[in-house]
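Everything below concerns the one structure shown next.
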Amino acid sequence: MKFSKAYEPNEYEPDVYALWEKSGAFKPTQNKKADYYTIVMPPPNANGNLHIGHGLTIALEDILTRYHRLIGDNTWYIPGADHAGFETWVVYERFLESQGKSRFDYTRDQLYTQVWNFVHEQRGNMELQLRALGASCDWDSLTFTLDPKVTKTVYSTFKKLWDDGLIYRGEKLVNFCTKHQTAFADIEVTYKDEAGKLWQIAYPLVEPTEGFDELVVATTRPETMLGDTAIAVNPEDKRYQALIGKKVQLPLTDREIPIIADEHADMEYGTGVVKITPAHDQNDYEVGQRHNLPMITVIGFDGKMTEAAGANYENLTTEEARKKVLKNLNEQGLLRGEEDIKHAVGHCYKCDTTIEPLLKEQWFVDVKPLAQRAIKVLKEGKIKFHPASKKQVLINYLEQLKDWNISRQIPWGIPIPAFQNIDDPTDWIFDERVEQFEIKKNGKTYVRDEDTFDTWFSSGQWPYITTSDRKEHFPTSVMETGADLLFQWVGRMIMLSLYVTNDVPFKEVYMHGMVLDEKGQKMSKSKGNVINPIEIVSQYGSDALRLGLIASRSAGVNQAFSTSKVIASRNLCNKLWNISRLIQQMVDENPKGNKQLTIDNYSEDWICFHLNQANKELQKLLASYRFAEAGDLLYDLIWNKYADWFLESEKLWKDTTLLKSTLEQVLIMLHPFAPFVTETIWQTLSWTEGILITQKWPELYKVDTKRVKKFDELKDIIANIRSHFQSLPGAQAYPVAFDDDPLVYANQLLIQHLTKAPSVPKLPTEELSGLRLAIPGHNIYLQIPEKVLNQHKENLEERILKLGQEINTLNARLDNPRYVEKAPKELVEETREQLATKQNLLEKMKAELQLI
RNA sequence: GGGCGGUUAGCUCAGUUGGCUAGAGCGCGUCUUUGACGUAGACGAGGUCAUAGGUUCGAAUCCUAUACCGCCCACCA
């Protein structure tokens, strides 16, 4: 292969990925002496396309993976594919609708098979996209969330919970979406503030007492009054003491309901009297439990009023029923007012339908013991969080967690392995023969529960399921995922893992924020601002996307996508490509690696020093998940140090041995971040062997720091000269003269080369004239004509003024006895040195001014 | 109501335990066809670090308060 003029990512990326995959580099090594490093990929939706958030996830996880592979760990990055129960079901149901069909046209088993085929037709697409992003994961270990090993574990966990009495079937209020016909966990409901109305309704007392003949309650949902089974006042409320235990006539019905005392009633709010509808409100349900109230379901799963709502209202939608109830109440003179208010209303996160709290028999997990254990482990610091603040947030959540409804009325998912006795609805048994609709046991006939598990019940067990074939990789090293999944996924993984394995699922958690659009808005299909990562890859290359995504991004913080960062990254890749191209040319010209012998090639010590620094710093940054800083560091190393100074200098020295070795180091260190371009270069260079992905992380160079300082000094001189050449009137180069100055003398060529000075003559001190550079320790003059010099005078005066101010600042600091006493000695010493340097400089500048 | 985060250059953002002249990318200005790269090179302009107090020898960094922006949780009869 040859180096073309510009790096064209699309020409090389697919082949490079295939090379890796074929080489077996993605498989974990089995070195007993090495550490184990394991990342489980949050499984992307099997039949979906990757979005930009996946781009970030893969970038972060793959950087860690490749880095740990390079440092020699037994590294295992486990890919996954999610059946995404509800998500996929929604897509499929939409498809059914478009065919003029509905879920009710098929049995559950038929539906399951249909979706299975639907998903498998599309599957593979997502996996190709992961490859395009460069994920160096072990494809042989790919786990689909419906694989037998998953369901097997899920069933055994369910059984264990069942046997431990932590699973129960209960009729409780669940969050029900009447469109999707399924219940949700509390966490899945999206609350929105909406404008609503608060209506006051009078409930007449059956027997007027103590001057009361009615009680007024307030409600935002008048239609639910048909299901009221009590009204409540606060036990402390003096106004209503005498009424407790009496009855009111429930308007629009023929029922009489009791007045009860319960703390739920807030004396301060409204009239202090609250209606109780246990079947349709979470708080009321709890009141109902405390007082053994009957529960009357007036809204059905179809979202329409039931028979129990009365003949007048049956089959009306809740909205129609609300209007009619209000109208009827008004006719009876029982409507006492209405008020505009704002209140939060729960919505289905997929279709936005208002969530109805409805009574339903479901499987629940008693989470208290699980949560307690998780809290304990978190408090003990067994899992490290990035950002650290998320730990406490999770603890707070776990402390108030209510029992977890794990039943979903969706055909697409893992069937719940429970069967019900057809003769005794309370008799449920556990059995794994879920492929059968009906089973016989002990002479009794049992029918399978139609429901499936909440996706999070299975994905909550992901870390120990996916690593079950290589147990030494559990607990995994780090769980990297979106900050929005803290509760529903991270929390559940911790609880279930402790329960099942007695161990934490991972040692660290890194949570990334959302990738927003360029304007900082959340991306959504409806807004049309979605950025497709694969399009970015084809436009700028996979490496550019990775580097662009991690730039300026810190843990847990939402951050806008920035095309300019992607472009800057693309340019970096091209820069590195051209660096390699130049070095290859030099190597071709001088294949034996002979170097021109010189003792003054300080740039070589200097670059080795900075490569060492970068090497150490990168390890630190990656250990603390500071990806953005690591990216910056590499950008600066490659561009500002390696190319602009080292390589420019090396055009003189041409030490191809060092050029090769330093380039290799650069390629290895950048490889985790930009795998494609670095590997492509590795494959293109004439002397490299094998594949880059499995190289060893570089050793440090031996460096003479005195020589490094020499080059820093030279850099200063060169930068100073360049700056003058640019800013002097006419912006042109002049000869650079010096006297007895060993550093400059030895580097005449370099200075000339890097400043474009026409010549760099050595002269006797008395012959030096022109503009003197304000560099302490050196007598260097730019030989410029007198006219130009005068114009320069003003600049100089300005600088002297500024320098004087800086000296004042330092003086003030040193004049402060407390500073000298209390600040660290090195720091004080440093200040003194600075002061001396600056004073020295000031004197020289003043002298220079006088010369002019 | 409870909690979390943010406010630093024109824009997007870094800035680890307080300590060099507060940084980067993009953008902007001037100059440059140099043994690779114009997706480039050189030089440069640009910041009262939201505000007000406090702690400290020293604060973008720690504390308190305020303002504005964003997010999460709970509640809203």
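Atom P of rC75(B) sits at a distance of 49 Å from the matching atom of rG58(B), rounded to the whole Å. As rounded to the nearest Å, rC62(B) and rU7(B) have P atoms that lie 11 Å from one another. When the P atom is compared between rA65(B) and rG1(B), the two are found 16 Å apart, to the nearest whole Å. Annotation: rA59(B) and rG54(B) have their C1' atoms spaced 11 Å apart (nearest Å). Between the C1' atoms of rA14(B) and rA9(B), the separation comes to 13 Å (whole Å). When the P atom is used for both rA36(B) and rG18(B), the distance is 49 Å, rounded to whole Å. Rounded to the nearest Å, the gap between the P atom of rA22(B) and that of rC49(B) is 11 Å. Of the P atoms belonging to rU21(B) and rC63(B), the separation is 25 Å, rounded to the nearest Å.
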Pairs counted as Watson-Crick or G-U wobble with both distances under 3.5 Å: what dot-bracket string results for RNA chain B, using | for bases tied to another strand?
(((((((..((((.....[...)))).(((((.......))))).....(((((..]....))))))))))))....
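Rounding to whole angstrom units, CG of residue Leu685(A) and P of rA36(B) are separated by 17 Å. Between the CG atom of Asp517(A) and the P atom of rU12(B) there is a distance of 12 Å, given to the nearest Å. Here the P atom of nucleotide rU33(B) and the NZ atom of Lys756(A) are 11 Å apart, to the nearest Å. Between the C1' atom of rC11(B) and the CD atom of Glu518(A) lies a distance of 11 Å, rounded to the nearest Å. Per the geometry, CE belonging to Met514(A) stands 18 Å off C1' belonging to rC13(B), to the nearest Å. In this structure, the CD1 atom of Ile717(A) is 15 Å from the P atom of rC43(B), given to the nearest Å. Rounding to whole angstrom units, NZ of residue Lys660(A) and P of rA36(B) are separated by 21 Å. The distance from atom CG of Leu547(A) to atom P of rU39(B) is 19 Å, rounded to the nearest whole Å.
What you find for Leu647(A) and Leu659(A) is that their closest heavy atoms are CD1-CD2, 3.7 Å. Closest heavy-atom contact between Ala6(A) and Asn574(A): CA-OD1, 3.5 Å.
Looking at heavy atoms from C-beta onward, Asn640(A) lies out of side-chain contact with Trp645(A) at the 4.5 angstrom threshold. Tyr7(A) places a side-chain heavy atom less than 4.5 Å from the side chain of Phe676(A). Contact of the Leu773(A) side chain with the His724(A) side chain is registered, since non-hydrogen atoms from C-beta on lie closer than 4.5 Å.
Contact between the side-chain N/O atoms of Arg722(A) and the OP1/OP2 oxygens of rC43(B) is found at a separation under 4.0 Å. The phosphate of rU12(B) (OP1 or OP2) has no side-chain N or O of Gln559(A) nearer than 4.0 angstrom.
Salt-bridge annotation for Lys620(A) and Glu629(A): absent, with no side-chain N of the basic residue lying under 4.0 Å from a carboxylate O of the acidic one.
A side-chain contact (heavy atoms from CB on, under 4.5 Å) with Phe561(A) is found for one member of Asn529(A), Asp517(A), Leu516(A), Leu549(A) and no other, namely Leu549(A).
Note that OG1 of Thr271(A) and CZ of Arg239(A) are 7.0 Å apart. Values are rounded to the nearest 0.5 Å.
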Between the protein and nucleotides 15-18 of chain B, list every N/O to N/O distance that falls short of 3.5 Å.
unit_1	atom_1	unit_2	atom_2	d
rU16(B)	O4'	Arg626(A)	NH2	3.1

Under 3.5 Å, which protein N or O atoms sit close to an N or O of nucleotides 70-75 of chain B? Give each pair with its distance.
unit_1	atom_1	unit_2	atom_2	d
rC75(B)	O3'	Asn283(A)	ND2	3.4

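Minimum atom distance to the side chain of Lys565(A) is reached by rA24(B), of the listed rU39(B), rA24(B), rA36(B). Of the candidate nucleotides rA36(B), rA40(B), rG44(B), rG44(B) has the atom nearest to the side chain of Ser723(A). Here rA42(B) is the nucleotide among rA42(B), rU12(B), rU39(B) with the atom lying nearest to any side-chain atom of Gln726(A).
In terms of the side chain to side chain contact (heavy atoms under 4.5 Å, CB included) criterion, residue partners of Thr481(A) (sequence neighbours excluded) are, by chain and number, Pro42(A), Met479(A), Leu485(A), Trp489(A), Val490(A), Met511(A). Under the salt bridge (charged side-chain N to carboxylate O under 4.0 Å, His left out) criterion, Glu508(A) pairs with no residue at all, not counting sequence neighbours. Under the side-chain hydrogen bond (donor to acceptor under 3.5 Å, both in side chains) criterion, Asp632(A) pairs with no residue, sequence neighbours left out. Every side-chain hydrogen bond (donor to acceptor under 3.5 Å, both in side chains) that Tyr642(A) has, sequence neighbours left out, goes to Thr662(A). Asp186(A) pairs by the side-chain hydrogen bond (donor to acceptor under 3.5 Å, both in side chains) definition with Asn175(A), not counting sequence neighbours. With sequence neighbours left out, the side-chain hydrogen bond (donor to acceptor under 3.5 Å, both in side chains) criterion links Glu650(A) to no other residue. The salt bridge (charged side-chain N to carboxylate O under 4.0 Å, His left out) search around Asp636(A) returns Lys641(A), not counting sequence neighbours.
Residue-to-nucleotide proximity on RNA chain B shows that, of Val345(A) and Ser562(A), the 5′-proximal contact is made by Ser562(A).
A heavy atom lying under 4.0 Å from RNA chain B marks the following residues of residues 572-582 of chain A, by number: Asn574(A), Lys575(A), Asn578(A), Ile579(A), Arg581(A), Leu582(A). Within residues 634-646 of chain A, the residues having any heavy atom under 4.0 Å from RNA chain B are, by residue number, Tyr635(A), Trp639(A), Asp644(A).
If you check distances only, the side chain of Glu648(A) never reaches the base of rA42(B) with a donor-acceptor pair under 3.5 Å.
If you check every strand for non-hydrogen atoms under 4.0 Å, Ala551(A) touches nothing. Residue contacts for Thr220(A): at a heavy-atom cut-off of 4.0 Å it reaches the sugar-phosphate backbone alone, with no base atom in range.
Under the 30°/60° scheme for interplanar angles, the aromatic rings of His386(A) and Tyr625(A) are found to be tilted. Relative ring orientation between Trp577(A) and Tyr12(A) is described as tilted, the plane-to-plane angle lying within the 30° to 60° band.
Cation-pi geometry between Arg492(A) and Trp404(A) is met: under 6.0 angstrom from the ring centre, within 45 degrees of the axis.
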